[in-house]
Amino acid sequence: MSNLAVIQQVYEAFETGDFATVLGLCDPEVTVTQDEALPWGGHYTGPDGVATFGLALAGAIASTVKIESLFESGDRVVQCGRTRGTVNATGATFDIPETHIWTLRDRRIVAAEFYIDSAAMLAALGS
C-alpha cells in the first residue's frame, strides 16, 4: 500500500467517524500539531495525544474536509482543501481553506501537521 493510499484511508475513516482505523494507521510515537491559537491546537504525541486532539476538535466544531488536491512526495502526503462545518456552541457555519501535511514511515503515520486560516477560524468561533 502506498503512503497516498494510507492517507486516503484516513480521510475515509474521518468521514465515517471510524477513529479506531485512524489510530491503527498511526505509529505509537505519532505527533499531531496545529496552531496553538485554536482551542484544539497544540502539539500532541502518541495515541492518547491523538485522542485528546480529536476530542478537543469535536468538542468545538462539527466539520468535514473537502479535498481539493492530495499528492505524495517522498515520505509525505499533502492535502489541500477546505474545512466546512458548524461551531458547536453557536451554530455559526464556516468554510475555511486548510492544508494537512502527513509524514509516514513504513506506511505508518509519524506526524500530522494541520494548517488552517486561523484568523478565519477564530472569527467563526467568535474569539
Side-chain angles (χ1 to χ4, degrees):
M1 178 182 320
S2 70
N3 287 337
L4 187 63
V6 170
I7 299 307
Q8 287 171 323
Q9 276 189 293
V10 168
Y11 287 108
E12 290 168 9
F14 283 165
E15 284 188 28
T16 62
D18 184 0
F19 197 64
T21 292
V22 174
L23 285 176
L25 295 170
C26 291
D27 183 87
E29 299 299 318
V30 64
T31 61
V32 174
T33 306
Q34 189 157 31
D35 184 353
E36 291 182 7
L38 299 169
W40 56 86
H43 185 80
Y44 302 87
T45 303
D48 289 343
V50 173
T52 299
F53 171 80
L55 289 171
L57 178 66
I61 62 173
S63 66
T64 59
V65 171
K66 170 66 175 158
I67 297 171
E68 295 175 347
S69 62
L70 184 67
F71 57 92
E72 185 173 359
S73 180
D75 65 351
R76 291 198 170 90
V77 175
V78 178
Q79 180 274 138
C80 298
R82 303 192 70 81
T83 181
R84 296 176 176 148
T86 306
V87 175
N88 294 343
T90 65
T93 60
F94 57 87
D95 181 351
I96 299 172
E98 53 73 31
T99 298
H100 298 161
I101 300 174
W102 304 87
T103 304
L104 294 93
R105 182 176 49 241
D106 299 325
R107 308 299 178 250
R108 309 271 297 165
I109 300 163
V110 296
E113 301 169 68
F114 300 139
Y115 299 96
I116 188 171
D117 182 341
S118 295
M121 188 76 252
L122 290 168
L125 291 167
S127 300

**Complete:** Given the options D27, L25, I7, V110, L104 meets side chain to side chain contact (heavy atoms under 4.5 Å, CB included) only with I7
**Asked** What closest approach, in Å, do R108 and C26 show between heavy atoms, and which atom pair accounts for it?
**Response** NH2-O, 2.5 Å
**Request:** Sequence neighbours left out, what pairs pass ring-ring contact (aromatic ring centres under 6.0 Å, His included) with at least one residue falling in residues 63-96?
**Result:** none
**Asked** Do D35 and I116 come close enough that some side-chain heavy atom pair is under 4.5 Å?
**Response** no
**Message:** Give me the atom names and distance for the closest heavy-atom approach of A13 to V22.
**Reply:** CB-CG2, 3.7 Å
**Message:** If we ignore hydrogens and angles and just use 3.5 Å, is the side chain of R82 paired with the main-chain N or O of K66 as donor and acceptor?
**Reply:** no
**Prompt:** Which pairs count as ring-ring contact (aromatic ring centres under 6.0 Å, His included) when at least one residue sits in residues 103-127, sequence neighbours excluded?
**Reply:** F53-F114, H100-F114, W102-F114
**Item:** Under 3.5 Å donor-acceptor, Q79 side chain and T99 backbone
**Value:** no
Just distance, no hydrogens or angles: give the donor-acceptor pairs under 3.5 Å from side chains in residues 37-47, sequence neighbours left out.
from : atom 1 : to  : atom 2 : distance (Å)
W40  : NE1    : Q34 : OE1    : 2.8
H43  : ND1    : T33 : OG1    : 2.9
Y44  : OH     : W40 : O      : 2.8
Y44  : OH     : G41 : O      : 3.2

**Fill in**
When rounded to the nearest 0.5 Å, the distance separating CE of M121 from CG of L125 is 4.0 Å
**Item:** Spatial distance of atom CD1 (I96) from atom OG (S118) [nearest 0.5 Å]
**Value:** 9.0 Å
**Prompt:** Between the main-chain N or O of T103 and the side-chain N or O of R76, is there a donor-acceptor pair closer than 3.5 Å?
**Reply:** no
**Item:** Of N3, L70, I67, the residue whose pairing with Q8 passes side chain to side chain contact (heavy atoms under 4.5 Å, CB included)
**Value:** L70
**Item:** E68 atom CD, over 12 foreign heavy atoms within 6.0 Å
**Value:** yes
**Message:** Hydrophobic clusters here meaning ILVMFWY residues chained together by side-chain heavy-atom distances under 4.5 Å, can you tell me if L57 and Y11 are in one?
**Reply:** yes
**Message:** Rounded to the nearest 0.5 Å, what separates atom OG in S63 from atom CG in N88?
**Reply:** 9.0 Å
**Message:** How close do A92 and A124 get, counting heavy atoms only, and between which atoms?
**Reply:** CB-O, 3.8 Å
**Prompt:** How long is the span from the OG1 atom in T31 to the CD1 atom in I109, to the nearest 0.5 Å?
**Reply:** 11.0 Å
**N/O donor-acceptor pair under 3.5 Å between R107 side chain and M1 backbone** = yes
**Message:** Membership question, hydrophobic clusters at under 4.5 Å side-chain separation (ILVMFWY): are L23 and V65 in the same one?
**Reply:** yes
